[in-house]
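Structure record follows, encoded as structure tokens.
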Amino acid sequence: MEQESPGASTNDESEWVPERCLSVTVRGPWGHFRRVEGNVVKQTYRIIPRTTVAGLLAAVLGVERDGYYDLFGPSASRIAIEPVSPLRTLNMPMNTLSTAGGDLQSINAHGKITIRLPDPTNLRQQHNYEVLVGPEYRIDIALSDEKTYRKLRETLAAGKSHYVPSLGLSEHLAELEFHGEFEVRDGPTDDPVAVDSAVPNRIESVVLESGTRCQVEESPAFMANDSGGRTTTEFTSYVYNPDAKELDVRDIDAKTVDERTVVFV
């Protein structure tokens with residue numbers, strides 16, 4: 001494992017290509033990445049959204065809410081996401097209390113710190129959540145901010161996290177396994193290329209084969225601060241194999257990381 005900064009191979013920020021990246025597997029017994037389109041059943045994305053990866057890594061670093069969008073912006077970061085276990089879901093009813101402002105009550109027993117909690121005497125509301133069972137993703141991350149990149153590398157290598165990492169919801173705790181720092185190499189140049197990661201924004205380039213499952217979903221990729229806190233500025237359409245196997249793709253800018261073939265966003 002090398003101990004270097006990610007570096008850059010081009011002067012154009014929009015075309016920034018890292019020379020090195022960090023690689024980590026995030027897994028947990030449950031996960032829920034709520035889809036932006038509402039429904040009676042709170043459905044989940046199958047591929048952990050790029051914005052959720054950014055939030056998870058910001059939690060590891062201890063960056064405050066709404067304080068990390070530029071750090072993981074399109075000209076400042078590269079992230080590849082590979083499902084490494086089959087993607088399976090089930091519907092799970094949950095009884096919840098409202099957290100709307102009018103339904104919270106303040107607790108200030110000692111006169112110093114005030115916290116607001118849902119009133120436990122209120123009636124619960126039951127919601128149906130679609131949850132991922134045993135989700136597991138290998139994530140490759142490069143940041144152009146070398147200071148933050150080094151801090152993330154040191155924190156992951158030490159097995160530490162500032163905030164408790166989770167997979168979408170706070171009750172779905174996550175485990176992080178750091179694999180190290182790896183060189184980002186061009187290629188392979190096969191046609192088609194067998195890609196291990198989810199394939200972003202190239203649906204038309206996937207070579208469909210009998211017996212190989214292939215699914216598509218669009219999820220938030222980048223966010224920016226606004227007067228209300230934050231807003232999604234860009235989405236990514238991922239093609240992936242729900243069996244966590246590779247897909248053959250033509251005319252794709254693939255990279256090699258730790259002998260795996262991935263595509264960064």
Side-chain angles (χ1 to χ4, degrees), residues 22-60 79-97 99 124-141 156 159 161 163-179 194-200 203 206 208-209 211-221 232 235-247 257-258 260-263 265:
L22 307 176
S23 189
V24 61
T25 291
V26 55
R27 63 172 70 88
W30 307 101
H32 177 80
F33 313 118
R34 185 178 177 181
R35 299 180 68 96
V36 293
E37 59 268 27
N39 205 326
V40 175
V41 176
K42 299 181 185 301
Q43 295 180 310
T44 180
Y45 293 110
R46 269 54 173 176
I47 301 297
I48 180 172
R50 192 187 192 282
T51 50
T52 304
V53 173
L56 189 152
L57 297 174
V60 170
I79 294 175
I81 302 169
E82 174 190 350
V84 293
S85 63
L87 298 167
R88 185 166 67 90
T89 64
L90 61 77
N91 288 339
M92 182 183 293
M94 296 186 191
N95 294 328
T96 62
L97 288 168
T99 57
R124 269 66 172 174
Q125 295 178 318
Q126 187 169 87
H127 298 281
N128 288 317
Y129 282 79
E130 182 187 51
V131 298
L132 290 154
V133 182
E136 187 174 12
Y137 307 94
R138 178 85 177 255
I139 298 171
D140 303 300
I141 318 109
L156 290 173
S161 177
Y163 298 107
V164 177
S166 63
L167 289 167
L169 296 178
S170 59
E171 57 264 45
H172 298 329
L173 301 182
E175 171 191 344
L176 274 62
E177 178 186 359
F178 183 52
H179 301 287
V195 178
D196 295 292
S197 71
V199 181
I203 299 172
V206 175
L208 300 178
E209 296 183 351
T212 299
R213 296 206 298 161
C214 174
Q215 296 181 353
V216 180
E217 70 180 14
E218 184 179 69
S219 60
T232 300
F235 288 79
T236 293
S237 295
Y238 284 106
V239 187
Y240 63 95
N241 185 329
D243 297 320
K245 297 180 180 177
E246 59 192 21
L247 287 175
V257 175
D258 189 26
R260 298 174 299 113
T261 302
V262 303
V263 181
V265 176

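- Listed here is the closest heavy atom pair of Arg138 and Asp258: NH2-OD2, 2.9 Å.
- Minimum interatomic distance between Lys42 and Arg34 (heavy atoms only, all atoms of both residues): NZ-NH2, 3.4 Å.
- Asn95 pairs with exactly one of Gln125, Gln126, His127 by the side chain to side chain donor-acceptor pair (under 3.5 Å) rule, that one being Gln126.
- With 3.5 Å as the limit, one finds a donor-acceptor pair spanning the side chains of Tyr240 and Gln215.
- Taken from CD in Glu246 to OG1 in Thr212, the straight-line distance is 9.0 Å, to the nearest 0.5 Å.
- Going from atom CG of Asp196 over to atom CD of Glu82 covers 5.0 Å, rounded to the nearest 0.5 Å.
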Could you walk me through whether Ser219 and Arg50 pass the side chain to side chain donor-acceptor pair (under 3.5 Å) check?
CA-CA 8 Å; Ser219 60; Arg50 192 187 192 282; over 6 Å; no
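- Put simply, the side chain of Ser197 gets close to the backbone of Val263: a donor and an acceptor are under 3.5 Å apart.
- For the pair Arg35 and Glu217, the salt-bridge criterion is met [side-chain N within less than 4.0 Å of a carboxylate O].
- The two residues Val60 and Ser161 have their closest heavy-atom pair at CA-OG, 3.4 Å.
- Ring geometry for Trp30 versus His172: interplanar angle of 30 to 60°, hence tilted.
- In the displayed structure, Arg213 atom CZ is contacted under 6.0 Å by more than 12 heavy atoms of other residues, nucleotides or ligands.
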Could you walk me through whether Cys214 and Asn241 pass the side chain to side chain contact (heavy atoms under 4.5 Å, CB included) check?
CA-CA 5 Å; Cys214 174; Asn241 185 329; over 6 Å; no
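- Between Phe178 and Leu22 the shortest side-chain heavy-atom distance falls below 4.5 Å.
- Side chain to side chain, Asp140 and Ser23 meet the donor-acceptor criterion of an N or O pair below 3.5 Å.
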Start with the C-alpha gap between Val131 and Leu90, add the side-chain angles, then the distance that decides, and say whether side chain to side chain contact (heavy atoms under 4.5 Å, CB included) holds.
CA-CA 6 Å; Val131 298; Leu90 61 77; 3.8 Å; yes
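- To the nearest 0.5 angstrom, Gln43 atom CD is 7.0 Å from Glu37 atom CD.
- Nearest heavy-atom pair, Pro86 versus Ala244, reported as atom, atom and distance to 0.1 Å: N-CB, 3.9 Å.
- Distance check, rounded to the nearest 0.5 Å: OG1 of Thr89 to OH of Tyr45 gives 15.0 Å.
- Note that the OH atom of Tyr238 and the CD1 atom of Ile47 stand 8.0 Å from one another [nearest 0.5 Å].
- Two residues are said to be in side-chain contact when any heavy atoms from C-beta on lie closer than 4.5 Å; Val262 and Val195 fail this criterion.
- Among all heavy-atom pairs drawn from Ser85 and Gly134, the shortest one is OG-O, 3.3 Å.
- Looking at Arg27 and Glu177, a side-chain N of the basic residue comes within less than 4.0 Å of a carboxylate O on the acidic one, giving a salt bridge.
- The two atoms that bring Thr236 and Pro200 nearest to each other are CG2-CB, 3.6 Å, heavy atoms only.
- Using a 4.5 Å cut-off on side-chain heavy atoms (C-beta onward), Leu167 and Pro135 make contact.
- Leu176 CG to Leu156 CG: the interatomic distance, rounded to the nearest 0.5 Å, is 6.5 Å.
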